[in-house]
J.: 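Have a look at this one.
A note on names: the letters A, B, ... follow the listed sequences, proteins ahead of strands, and every chain is numbered from 1. The basis for the numbers below is simple: all heavy atoms, side chains too, and nothing from hydrogens, waters or symmetry mates. Worth saying up front: this structure is predicted, and the values here are computed from it rather than measured.
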Amino acid sequence: MSGVVIGAASYLGPEGWANDRMGRRAWPSELRPAIERGELEGIHWSMVSASDPSRFARMDPMCRLGLMAVEVLQLGWDQMPEAQRESVGVCLETCVGSLDTDLRFLQTTRPSLFAYTLPSTVIGEVCIRYRLKGPVLCVMHAPDEPGAAVREVAEWIKAGEAEAGICLACEALDRSTADSAGAAAGLGPVGGRAAALWLARATGDSRGRAWTAGSVIPVARRLCFGEELAC
Amino acid sequence: MGDPVETPAQSIEVTVAGCGAITALGRGVPSLDRVLRGADSGLRPAEFRTGPGPATVRLVAGPVSADALGHEPGDAREDLGDRAFRMALIAAGEASVNAGEALSRISCERQGLVVSTTKAGIEALERLVWREAVDAAEVARIQPGGLTRDLARALRVGGPVQCVSAACISGLLALRQGMAMIQRGDADAVHVVGIDVISAFVVTGFASLKSMDPEGCRPFDRARVGLSLGEGAGAMVLARARGGEGEPSESGVRVTGWGSSNDANHLTGPSRDGSGLALAIGRALAKAGKRPAEVDCVHAHGTGTPYNDAMEALAIRTVFGDSPPPVGSSKGALGHTLGAAGVLESIICVRALEEAVLPGTPRLREADSQAPTSMVFEPRPEPGLRTVVKVNSGFGGTNAAMVFERGRA
């Protein structure tokens, strides 16, 4: 599938955050173990970007991480015409999905949480912030299975269904929330991680790597932390 | 089968080989056909749990009966075990049987599975949190990935599997993914199964949004005030049309176009101008190579909420102008089956094409002044019915459309 390249990558996880054009940025020291436990309250938008979105405070941890991953791509949205945004698609892959918020909603029945009990809500938040109207897809997979977003977005571009697309992966599960459903349940990996890849059609002067397979988080992590991708 | 990769994806035709269903109308596709025979509705008052205690709430909704699930008619819902998985097996089993020879000639390794759901495993999660007895197998199916794995095993699917969870457009996106698996050469047949259940979680959530009609939903009606929850499973076996003798017959139904979009507007409310849904319909028509004037029927999302139906009416006007094709909605019969809706309502479209009948709009009495002028109240024969567009919209501002056609291209 020639002609589709990864134009940008971003990663946020316990080890820190970065995009593929900057060095690794560390969280404040106390945050790393918290993120490993999936306690994400300490992560704020201002740690990665200015112009705090007004909706950020009301989002659940999954949406916060996902939106931050797209922001960290630093795509220069101000220069992107509205018409072009109509053909930018978003595909999410996740194995934990909205489980963390599902459990919180079951325990509190807070109405404001209900909209966040769908994994695809993070796609809605991304599309609202960046005014994207292209094709959408949310695929859930088992922990031992690869994600599908990279291939799907590459196929959209190849088929002319999108000019470009964001492959997003987002996993947010708080250990204490998971334990509330029974520690032995093993419903998903605990912790907080998100990553995004910007896929676009290759042009004569485009930089980027031809890469149309694999799961978003490991691919983005390698690109962002300067590790070589194994073919 | 030759090397499928060598065939351009768009030239590979995908047909509907078989369908299966279980809904508030009963078990089996013939029960769903009642939507094509009259303004029949499965909506009825029923009691639903809202939490760990004995408290229940009475709603007009579309529950699947214990009888349809193979239990005694009087058995309580909470005693029926993993209802979602049971429904999925019933619908998928029927679709496989109905697919018959078209499926039996394809090896397990060339069969795929796409599951569509929003909250199929939620009842087991409720029981875990409420410290009630729950079977280990049900716990393993709480997350959609586990449900998909178990369903693949039960169906003996050895090819690609995927689970789509994208709110109320999940079903149409799952059909699109099934179609893509075939057109990309990853499979020759794909089982697409949509499932969702009415749970305490779902009841509490929609009650908190104040989006339910206490009298039962009335899509596109002047007096509509909200939706009705429904549950069930729909299954469709999609198959790669064979060259020569295997080409779709005159009565065969093909999936020929799809499109999706985001409103980029609001998380729980539709865009007020319908532009996002119009984009999705336009993309689906372009993919199918159809002009709006060639569409014979639009099967709407039609939830019965004031904003959704008004938005859809605007989108239909945007795409089709002041003389739209006939428009119908099935949610007055089934309720809103969430992640199963796209598959179940697509089965109604397929059956409508096979029977040459325009589906009606159960529970619609007096059309809203803003509703499409071509609303179909009661089903009626339409011998020229060849192209149906199915649309769904959902939370997160998502929209999807799919084109079904009868006969040869």
Side-chain angles (χ1 to χ4, degrees), chain A residues 55 63 85-86 89-90 92 94-99 102-103 105-107 109-145 148 151-152 155 158-159 161 180-182 184-188, chain B residues 9-10 50-51 115 117-119 122 125-126 128-131 139-140 142-146 148-149 161-167 169-170 173 176-177 180 184 200-201 204-209 258-268 275-276 279-280 283 287 394-400:
Chain A
R55 310 176 51 80
C63 286
R85 295 175 195 234
E86 254 189 28
V90 183
L92 171 73
T94 177
C95 72
V96 172
S98 59
L99 179 64
D102 293 353
L103 287 164
F105 181 74
L106 268 175
Q107 290 158 349
T109 64
R110 275 174 46 209
S112 60
L113 289 178
F114 187 58
Y116 292 97
T117 61
L118 294 164
S120 54
T121 297
V122 65
I123 296 174
E125 292 287 12
V126 168
C127 289
I128 289 171
R129 174 157 176 84
Y130 302 104
R131 302 192 298 282
L132 307 180
K133 298 182 178 180
V136 291
L137 180 64
C138 173
V139 179
M140 294 195 70
H141 59 92
D144 56 347
E145 293 171 349
R151 184 174 182 203
E152 290 304 326
E155 293 281 358
K158 182 188 172 196
E161 295 171 33
S180 70
L187 298 175
Chain B
Q10 296 308 308
T50 56
V115 169
T117 187
T118 64
K119 288 279 168 274
I122 200 70
L125 190 67
E126 290 172 351
L128 266 185
V129 171
W130 299 338
R131 305 291 189 238
V139 173
I142 286 176
Q143 286 289 71
T148 305
R149 179 200 55 226
V161 299
Q162 202 169 78
C163 179
V164 174
S165 183
I169 68 166
S170 300
L173 291 187
R176 183 261 182 273
Q177 290 305 105
R184 293 171 190 167
F201 184 103
T204 307
F206 279 95
S208 74
L209 296 177
W258 64 86
S260 66
S261 71
N262 196 282
D263 291 335
N265 173 67
H266 196 278
L267 273 193
T268 55
S275 58
L279 259 181
R283 287 169 180 161
K287 197 61 130 175
F395 277 8
T398 54
N399 306 286

J.: Quick one: CG on A:Leu103 to CZ on B:Phe201, what's the gap to the nearest 0.5 Å?
T.: 8.5 Å
J.: In terms of heavy-atom pairs under 4.5 Å, which option from B:Ala280, B:Ala264, B:Ser275, B:Gly396 contacts chain A the most?
T.: B:Ala264
J.: Working to the nearest 0.5 angstrom, can you tell me the gap between A:Glu161 CD and B:Arg283 CZ?
T.: 9.5 Å
J.: Show the nearest heavy-atom pair for residues B:Ala167 and A:Ser120, with the distance to one decimal.
T.: N-OG, 3.5 Å
J.: Please assess B:Asn262 against A:Val90 for the test side chain to side chain contact (heavy atoms under 4.5 Å, CB included), listing each intermediate value before the final yes or no.
T.: CA-CA 9 Å; B:Asn262 196 282; A:Val90 183; over 6 Å; no
J.: Answer yes or no: is there a donor N or O on one side and an acceptor on the other, between the side chain of B:Ser261 and the main chain of A:Lys133, under 3.5 Å?
T.: no
J.: From B:Ile122 CD1 over to A:Leu99 CG, what is the distance, rounded to the nearest 0.5 angstrom?
T.: 8.5 Å
J.: Just verifying a value: how many Å separate B:Thr398 OG1 and A:Ile123 CD1, rounded to the nearest 0.5 Å?
T.: 8.5 Å
J.: Which value, rounded to the nearest 0.5 Å, describes the distance between B:Leu173 atom CG and A:Glu152 atom CD?
T.: 10.0 Å
J.: Could you pull out the closest heavy-atom pair between A:Met140 and B:Pro144, with the gap in Å?
T.: SD-CG, 3.5 Å
J.: Go through it in stages, so that I can follow the logic: the residues are B:Thr50 and A:Thr109, the test is side chain to side chain contact (heavy atoms under 4.5 Å, CB included), and I'd like the CA-CA distance, side-chain angles, deciding distance and then a yes or no.
T.: CA-CA 10 Å; B:Thr50 56; A:Thr109 64; over 6 Å; no
J.: What distance do A:Glu145 atom CD and B:Arg149 atom CZ have between them, rounded to the nearest 0.5 Å?
T.: 8.0 Å
J.: Counting N and O atoms only, with roles assigned by atom type, does the side chain of B:Gln162 sit under 3.5 Å from a partner on the main chain of A:Val139, one being a donor and the other an acceptor?
T.: no
J.: Which word best sums up how the rings of B:Phe206 and A:Phe114 line up, parallel for under 30°, tilted for 30 to 60°, or perpendicular for over 60°?
T.: perpendicular
J.: What heavy-atom pair brings B:Lys119 and A:Thr117 nearest, and what distance separates the two atoms?
T.: NZ-O, 2.5 Å
